[in-house]
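As structure tokens, the structure follows; a few thoughts come after it.
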Amino acid sequence: MSTDQRKPLPFIANFAAGAIAGVSEILTFYPLGETDFYGVINDVVKTRMQLETGKSKHGMVGTLKGIVREEGFGRLYRGLVPPLLLEAPKRAVKFAANDFWGKTYLNLSGESKMTQQLSILTGCSAGATESFVVVPFELVKIKLQDKSSTFAGPIDVVKQVIKREGVLGLYAGMEATFWRHLWWNGGYFGCIHQVRTLLPKAETQQAQLLNNFISGSIGGFVGTVINTPFDVVKSRIQGASKVPGVTPKYNWTYPALMTVMREEGAAALYKGFVPKVLRLAPGGGVLLLVVEFTLALGPPYI
């Protein structure tokens with residue numbers, strides 16, 4: 001957020017703006033309403049590509065065709081509920097945390113305006129905060145989207161995980177999720193700050209909205225480039241079934257990154273990148289546009 005341009009707003013204002021942005025992103029990219037067509041299909045394909053070990057046999061289109069051919073069209077909607085329930089609170093936490101950490105670091109540094117370094121630090125801190133909200137939903141989603149999944153639905157996943165591993169089992173992959181969100185948000189918000197300085201000064205509201213969409217989309221693209229390897233590892237960690245007495249092959253993030261690279265090559269760290277970036281690049285633009293527009297309805301700019 002551009003804390004150097006706007007009068008300080010209360011936490012609840014940024015939280016509400018983030019929630020509105022999350023809902024708006026759903027309505028923008030999910031034109032078929034509750035079926036969540038665009039987002040869920042992209043996410044299922046991305047997850048399947050990331051869970052596939054060894055050399056990739058199919059690209060995005062091939063994976064999509066294979067799911068429909070072998071498992072039926074309905075399989076594309078496995079894991080629909082968790083991301084829908086998560087979208088508004090996740091985005092609300094993202095932008096509210098970014099605003100909170102931005103103000104905190106400005107006060108600690110003594111700076112009067114946000115700098116490139118502070119914007120990256122702020123984004124990383126917001127992503128780390130957001131990760132604590134996301135983990136259980138992500139775990140349920142991955143368990144449902146796995147090709148070998150036999151769970152009846154989200155509630156069944158929660159029951160089975162708690163039964164086998166206790167409540168903390170819902171936080172499997174917490175460390176990997178932490179790094180995934182830390183790096184995405186650092187790239188996203190840090191890039192937004194830099195791109196805004198390069199774009200022509202907006203003289204009208206329409207131009208400002210366009211600038212926000214452009215900077216947010218570029219930020220979403222850069223964030224996705226940075227964090228996709230961590231997303232691949234997170235999917236592997238959360239998709240695995242724990243066996244008592246056996247150390248999981250993918251357990252901690254950075255060692256797992258090296259394992260994937262050693263066994264499958266560096267390109268494997270970007271499995272699922274295409275469907276992921278097709279959602280998160282324009283999605284990042286919509287998020288920033290809606291948040292800025294919503295907040296602009298409140299206290300005026302300085």
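Just so it is clear, the values below take in all heavy atoms, side chains as well, and ignore hydrogens, waters and symmetry mates.
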**Prompt:** Who are the side-chain hydrogen bond (donor to acceptor under 3.5 Å, both in side chains) partners of Thr177, not counting sequence neighbours?
**Reply:**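 side-chain hydrogen bond (donor to acceptor under 3.5 Å, both in side chains) list for Thr177, sorted by chain: empty.
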
First locate atom [atom1] of [X], then atom [atom2] of [Y], and finally report the distance between them rounded to the nearest 0.5 Å.
X      : Y      : atom1 : atom2 : result
Thr253 : Met258 : OG1   : CE    : 13.5 Å
Ser125 : Glu130 : OG    : CD    : 12.5 Å
Leu121 : Met114 : CG    : CE    : 9.0 Å
Asn211 : Ile192 : CG    : CD1   : 12.0 Å
Gln205 : Leu210 : CD    : CG    : 12.5 Å
Leu209 : Leu288 : CG    : CG    : 10.0 Å

**Request:** Would you list the pairs meeting ring pair (Phe, Tyr, Trp, His ring centres under 6.0 Å) in which at least one residue belongs to residues 101-122, sequence neighbours left out?
**Result:**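 The answer is Trp101-Tyr105.
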
Taking all heavy atoms of [X] and all of [Y], pick out the closest pair and write down the distance.
X      : Y      : answer
Ala256 : Val233 : CB-CG1, 3.5 Å
Pro248 : Asn251 : O-CB, 3.9 Å
Ser217 : Pro282 : OG-CA, 3.9 Å
Thr228 : Thr224 : OG1-O, 2.5 Å
Val134 : His181 : CG1-NE2, 3.6 Å
Thr122 : Gly102 : CG2-N, 3.4 Å

**Prompt:** Should Lys234 and Glu175 count as an ion pair when the cut-off is N to O under 4.0 Å?
**Reply:**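 Salt bridge between Lys234 and Glu175, a charged N being under 4.0 Å from a carboxylate O: no.
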
**Request:** In plain terms, say whether Arg236 and Glu264 are close enough for a salt bridge, that is, a side-chain N and a carboxylate O under 4.0 Å apart.
**Result:**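 Yes, Arg236 and Glu264 are salt-bridged.
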
Does any part of the side chain of [Y], heavy atoms only, come nearer than 4.5 Å to the side chain of [X], both counted from C-beta?
X      : Y      : result
Gln116 : Ser119 : yes
Gln208 : Phe213 : no
Lys249 : Glu263 : yes
Phe189 : Ile120 : no
Thr129 : Val93  : yes
Trp184 : Leu280 : yes
Leu168 : Glu165 : no
Met261 : Leu269 : yes

Does [X] use its side chain to pair, donor to acceptor, with the backbone of [Y] at less than 3.5 Å?
X      : Y      : value
Ser215 : Asn212 : yes
Asn227 : Leu182 : no
Tyr250 : Leu257 : no
Lys271 : Val232 : no
Asn185 : Ala126 : no

Is there a path of hydrophobic side-chain contacts, each under 4.5 Å between heavy atoms, that joins [X] and [Y]?
X      : Y      : answer
Phe132 : Val161 : yes
Phe100 : Leu108 : yes
Met174 : Trp183 : yes

**Request:** In sequence, state the C-alpha distance, the side-chain angles, and the governing distance for Thr197 and Gln194, and then conclude on side-chain contact (heavy atoms from CB on, under 4.5 Å).
**Result:** CA-CA 5 Å; Thr197 64; Gln194 184 63 31; 3.8 Å; yes

**Prompt:** Do Tyr254 and Phe230 have ring centroids that are under 6.0 Å from one another?
**Reply:**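 Distance test on ring centres: under 6.0 Å, yes.
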
**Message:** Once side-chain contact (heavy atoms from CB on, under 4.5 Å) is applied, do any residues pair with Ile218, and if so which ones, sequence neighbours excluded?
**Reply:**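 Residues passing side-chain contact (heavy atoms from CB on, under 4.5 Å) with Ile218: Cys191, Val195, Ile214, Val222.
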
**Prompt:** Does CD1 belonging to Ile155 count more than 12 external heavy atoms closer than 6.0 Å?
**Reply:**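 No, not enclosed.
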
**Asked** Checking ring pair (Phe, Tyr, Trp, His ring centres under 6.0 Å) for the pair Tyr188/Phe221: CA distance, chi angles, key distance, verdict?
**Response** CA-CA 8 Å; Tyr188 179 66; Phe221 177 83; over 10 Å; no

